[in-house]
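Working notes for the structure below.
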Amino acid sequence: MSITQQQLLQILPNAGPVSGVFTPALNTAMGKYQIITPKRIAAFIAQVGHESAQLTQLVENLNYGAPGLMATWPSRFPAALAAQVARQPEQIANIAYASRMGNGPAATGDGWKFKGRGLIQVTGWTNYQACGAALGIDLLNHPELLEQPIYAALSAAWYWSVNGLNGLADAGAFTAITQKINGGQNGAADRLAIYNKVLEVLA
């Protein structure tokens, strides 16, 4: 089962101009990773639709003010540092993602190089390496490839597959899928609304 551009626009109306390039990209990615039943497609499109602001944001927005930094990464941004680097996305990424997820220390610039990209944001050297190996592309030297619709979609479907989310989708365990992707339940109402819309459109 695949999805048409007209259906995609019914589900994600804000996708507007990018719906034409994302329809084939999503169908290719979903086909490759067996996201081919209404329940699987609904769960996948609900999650990627929410995570990417309806397919319009493929790169993590790190333009935080000081309060946002202290709330999001309290252990990494004490008040003085948060005030110092507020609204400086590159510095924020290098501090927030330093020395974890396979990244080197802040000075290496890995945090910025391997910031979140794709429809379900791939973040950190380790994840870029694994995703690139799975897709047969060199993401360590060309991380920006994940900003292209086909790789943005394929990386999300790869993440879906390696985390066993088709099984959760089959079981209707939508809250558990959100937990896996978000680490919490941020945007749960929006995700669920998109999920129900996909099922309605595909019915």
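When the side-chain contact (heavy atoms from CB on, under 4.5 Å) test is applied to Ala98, the partners found at least two apart in sequence or on another chain are Arg76, Ala106. Under the side-chain contact (heavy atoms from CB on, under 4.5 Å) criterion, Ser2 pairs with Asn27, sequence neighbours left out. With sequence neighbours left out, the salt bridge (charged side-chain N to carboxylate O under 4.0 Å, His left out) criterion links Glu200 to Lys197. Partners of Glu144 by side-chain contact (heavy atoms from CB on, under 4.5 Å), not counting sequence neighbours, listed by chain and number: His142, Glu147. Contacts of Tyr97 classified as ring pair (Phe, Tyr, Trp, His ring centres under 6.0 Å), with partners at least two apart in sequence or in another chain: Trp73. With sequence neighbours excluded, the residues forming a side-chain contact (heavy atoms from CB on, under 4.5 Å) with Ala42 are Tyr195, Val198, Leu199, listed by chain and number. The salt bridge (charged side-chain N to carboxylate O under 4.0 Å, His left out) check on Glu60 picks up nothing, with sequence neighbours excluded.
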Distance-only check: which donor-acceptor pairs under 3.5 Å involve side-chain atoms of residues 81-92, not counting sequence neighbours?
residue, atom, partner, partner atom, Å
Arg87, NH1, Asn63, O, 2.3
Gln88, NE2, Gln84, O, 2.9

Can you list, pair by pair, the side-chain donor-acceptor contacts under 3.5 Å of residues 173-183, counting residues two or more places apart and other chains?
residue, atom, partner, partner atom, Å
Thr178, OG1, Gln47, NE2, 2.8
Thr178, OG1, Phe174, O, 3.3
Gln179, OE1, Gln185, NE2, 3.0
Gln179, NE2, Gly183, O, 3.3
Asn182, OD1, Gly184, N, 3.2
Asn182, OD1, Gln185, N, 3.3
Asn182, OD1, Asn186, N, 3.0

Name each donor-acceptor pair under 3.5 Å that joins a side chain in residues 133-141 to protein atoms two or more places apart or in another chain, with its distance.
residue, atom, partner, partner atom, Å
Asp138, OD1, Leu140, N, 3.3
Asp138, OD1, Asn141, N, 3.1
Asp138, OD2, Asn141, ND2, 2.8

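If you run side chain to side chain contact (heavy atoms under 4.5 Å, CB included) between Arg40 and each of Ile45, Leu168, Asn166, only Asn166 comes through.
In the model, Tyr128 has a side-chain atom that pairs as donor or acceptor with a side-chain atom of Arg117 under 3.5 Å.
Among pairs with a residue in residues 7-57, those fulfilling ring-ring contact (aromatic ring centres under 6.0 Å, His included) read Phe44-Trp160, at least two apart in sequence or across chains.
Think of Leu9 as one node in a network of Ile, Leu, Val, Met, Phe, Trp and Tyr side chains linked at under 4.5 Å; it has no links at all.
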